[in-house]
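Take a look at the structure below.
Quick caveat, the model's predicted, so the values are computed rather than measured.
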Amino acid sequence: MRLRLTLPFLFFLFIPVLVWSQTMKSPNGLLELGFELNQGVPTYTLTYKGKPVILPSKLGLELKNKPSLLDGFEIFELKHNNFDEIWAPVWGEESQIRNHYHEMEIHLEQPSTSRNLIIRFRLFDDGLGFRYEFPAQSNLAHFVLKEERTQFAMAGDHLAFWIAGDYDTQEYDYTESRLSEIRELMESAITGNISQTSFSPTGVQTALMMKTDDGLYINLHEAALINYSTMHLNLDDKNMIFESWLTPDAIGDKGYLQAPGQSPWRTVIVSDDAREILASRITYNLNEPSKIKDSSWIKPMKYMGVWWEMIAGKSTWHYTDDYAAIDLNSIDYSNARPNGKHGATTANVKRYIDFAAEHGFDGLLVEGWNVGWEDWFGNFKDYVFDFVTPYPDFDLVEIRQYAKSKGVEMIMHHETSASVRNYERHLDLAYQFMKDNGYNSLKSGYVGYILPIGENHYSQWIVNHYQYAIEKAADYQIMVNAHEAVRPTGVGRTWPNLIANESARGTEYQAFGGSKPNHVTILPFTRLIGGPMDYTPGIFEMDISKLNPENNSWVNSTLANQLALYVTMYSPLQMAADLPEHYEKFIDAFQFIKDVAVDWDKSWYLEAEPGKYLTIARKAKGKKEWYVGNVNGNESRLSNITFDFLEPNKSYIATIYTDAKEAHYRNNPQAYTIKRFLVSNKSKLSQFSAPGGGYAISITEADKSATKGLRKL
């Protein structure tokens, strides 16, 4: 056995002939990583304050048509490193992020094949990141993954918040259960979706949130998903061991790699305080710094959209009902009869522009403006959209000029119908068209099963497509908000023009039968661990039948809860999703949406329990403004917070938008009150939150002329 050591500090080795072990602690000493090479098999453990987080778990990769990288290893070099920096994100929940970790780099050799593998561990105060690295070598130049065999052995039958493992959708409600109950609940957890491909009765998706019986919160996810297949987790429910399960391509392969190269990071975030899970920045810290040198064109924004009326069924994306099939090479829409329900008409869009301009919104998204929507979905069409040709009732030039005169930026919509090759074929043309017409941001979509047929939404090739679209957009200085794409893994640090994703069950499902009332108390612990979500909040009319008598869906939320989402569901791109006429009915509550910031200097996580409640305070970037959001789960609750995040020795005015006592997400969702108080950093608040409810607070420095008659809190 050959062993080379690089030692910046002293440590001890225990080297029986067949067992080699090493430990490393986090900077604060609360987390301890153990690594062991036992009879040639690499394994690791993780503890927090002496409590087991990960029991002995195997590491390695199974290759196709080659000896695998699972066992037969020897140690030949070990390196330790410490790292500590402060970096500034382009946008974020804070203006500065600390990246502080201890690192252990283990070089393994497989003598029987003369191949080398590096396993790199980074231990932060809030968790662990590790990945596989493949150095340049003659015996491992190109290889195909049959499966990655990374294990996460749990120390008990934990409570978990999970969605079914699926190669084609993440748009499920969360199920809360013990790990041992996943198998029996899987069938009911897989609800209908436009595209879905489940793979195992115990397979779940990351980010996976768990809570142990002794009070530890554990989150499993991945970071820096680049040129690799998306990881799911498959549970051995007899032994409570999760194993990585990569998304396959059309022929079942899990990834095509070459050396030098590396896997994404596998992450384990852990704390005995749920608030610390939300505060973790491990996912961003494990990504590379921004590759966009001049990011001044990337600007967080609030927007409105000609969208919700189509989602609810009040209007349509398509222009005509005359044709069952469309050939874009030959269709002449000037001869088609309008269906009278098309949403993206010049007149309707100008109505939205007027409202957005009046109330200070930055942008307006318009869907259904371009030809091809008549047969866009479910037909596996290759040439489904051209992304540049408007319908006859959408005057592109008039809209462009009108929006500019009103100071509203138009936001492009590129629905691809999951025809990936067609989108790449048109990408340069479509992006140049955007720049020529003043569109600096876009919402892309990948609804339906992927073309080429047999590919999956989260396989390596499609992951690379999403990345290609982001990088190509950066060449044109375009911001991307990708829907139905792969869930984010912190890549927004490296490519901050990826300003948001959907990639989970968003507000649209409230018009498709509804989501669970506590859905928004779980998403920040799961989906948002990887990056911001375009959740599209701000629905004020909960009864969808008022927009479309044929749709009996109900938005399972109170109005105050919808306001709070602008704080709790972080995104630098926030939509006011409802119709202008609904906001006009509740214009006093709408004021909070107008006021709330979209970019932040600092965030404080005041209360948190996944599935039950969440309260977050944030300071607007570069301003003396603070905002608080509380979202509540299925049961009513009294939220108790202090205002110690405010600067001392100053007075502030707090405007509180909250559920009325009689509010309820189903029975009385629009019952809210608005109150104003004088507060300081010593003030305390005890506030009622209804089932599916919450509250929102805006805080500004007090002007003496505005404080008369206000009661101190």
Q | Identified side chain to side chain contact (heavy atoms under 4.5 Å, CB included) counterpart of P524 within the set V631, L614, I616, I277 | A |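 With P524 as partner, V631, L614, I616, I277 yield a single side chain to side chain contact (heavy atoms under 4.5 Å, CB included), made by L614.
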
List the atom of [X], the atom of [Y], and the distance in Å for their closest heavy-atom pair.
X    : Y    : result
I311 : A511 : CG2-CB, 3.7 Å
W91  : P300 : CB-CG, 4.0 Å
R618 : T568 : NH2-O, 4.0 Å
D534 : L573 : OD1-O, 3.9 Å
D578 : G538 : CB-O, 3.5 Å
L713 : K684 : CG-O, 3.5 Å

With no hydrogens and no angle check, just 3.5 Å: does a side-chain donor-acceptor pair link [X] and [Y]?
X    : Y    : value
S271 : D273 : no
H413 : K443 : no
E93  : Y605 : yes
Y695 : S639 : yes
Q574 : Y303 : no
T345 : D393 : no
Y402 : D354 : yes
N193 : Y509 : yes
Q510 : S515 : no
N632 : S689 : no
N681 : D644 : no

Q: Over 60° means perpendicular and under 30° means parallel, so classify the ring planes of F590 and F355, tilted if in between.
A: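 F355 vs F590 ring planes: tilted.
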
Q: On the 0 to 90° scale, with breaks at 30° and 60°, tag the W373-W317 ring pair as parallel, tilted or perpendicular.
A: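 The rings of W373 and W317 lie parallel, inter-plane angle below 30°.
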
Q: Run through F592, F586, Y566 and flag the one making a ring-ring contact (aromatic ring centres under 6.0 Å, His included) with Y657.
A: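 When ring-ring contact (aromatic ring centres under 6.0 Å, His included) is applied between Y657 and each of F592, F586, Y566, only F592 qualifies.
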
Q: Go through the steps to decide whether Y439 and I478 satisfy the test side-chain contact (heavy atoms from CB on, under 4.5 Å), and finish with yes or no.
A: CA-CA 8 Å; Y439 291 78; I478 287 172; over 6 Å; no

Q. Can you name the residues that form a ring-ring contact (aromatic ring centres under 6.0 Å, His included) with Y535, not counting sequence neighbours?
A.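 Partners of Y535 under the ring-ring contact (aromatic ring centres under 6.0 Å, His included) test: none.
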
Q) Sequence neighbours excluded, which residues qualify as ring-ring contact (aromatic ring centres under 6.0 Å, His included) partners of Y652? A)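 Once residues adjacent in sequence are excluded, the partners of Y652 under the ring-ring contact (aromatic ring centres under 6.0 Å, His included) criterion are W626.
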
Are the side chains of [Y] and [X] in contact, using a 4.5 Å heavy-atom criterion?
X    : Y    : value
R487 : Q205 : yes
V306 : E367 : no
R676 : I656 : no
I699 : I653 : no

Q.
Ring of W87, cation from R493 - is the NZ or CZ under 6.0 Å from the centre and inside 45° of the axis?
A.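 Cation-pi check for R493 and W87: passes.
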
Looking at [Y] and [X], is any side-chain nitrogen of the basic one under 4.0 Å from a carboxylate oxygen of the acidic one?
X    : Y    : result
R351 : E581 : yes
E94  : R281 : yes
K211 : E609 : yes

Can a donor-acceptor pair be found, under 3.5 Å and without considering hydrogens, that links the side chain of [X] to the backbone of [Y]?
X    : Y    : value
S636 : P691 : no
H342 : G368 : yes
N630 : T615 : no
Q562 : P537 : no

**Q.** Other residues, nucleotides, ligands: >12 heavy atoms within 6.0 Å of K435 NZ
**A.**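 Yes, enclosed.
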
(Q) Other residues, nucleotides and ligands only: do more than 12 of their heavy atoms fall within 6.0 Å of NZ on K612? (A)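 No, the 6.0 Å shell around NZ holds no more than 12 heavy atoms from other groups.
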
Q. Can you tell which of D659, T658, D588 makes a side-chain hydrogen bond (donor to acceptor under 3.5 Å, both in side chains) with Y672?
A.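 Exactly one pass, corresponding to D588.
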
Q.
Exactly one of K619, K650, K624 should register a salt bridge (charged side-chain N to carboxylate O under 4.0 Å, His left out) with E701. Which one does?
A.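 Output: one option passes, namely K650.
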
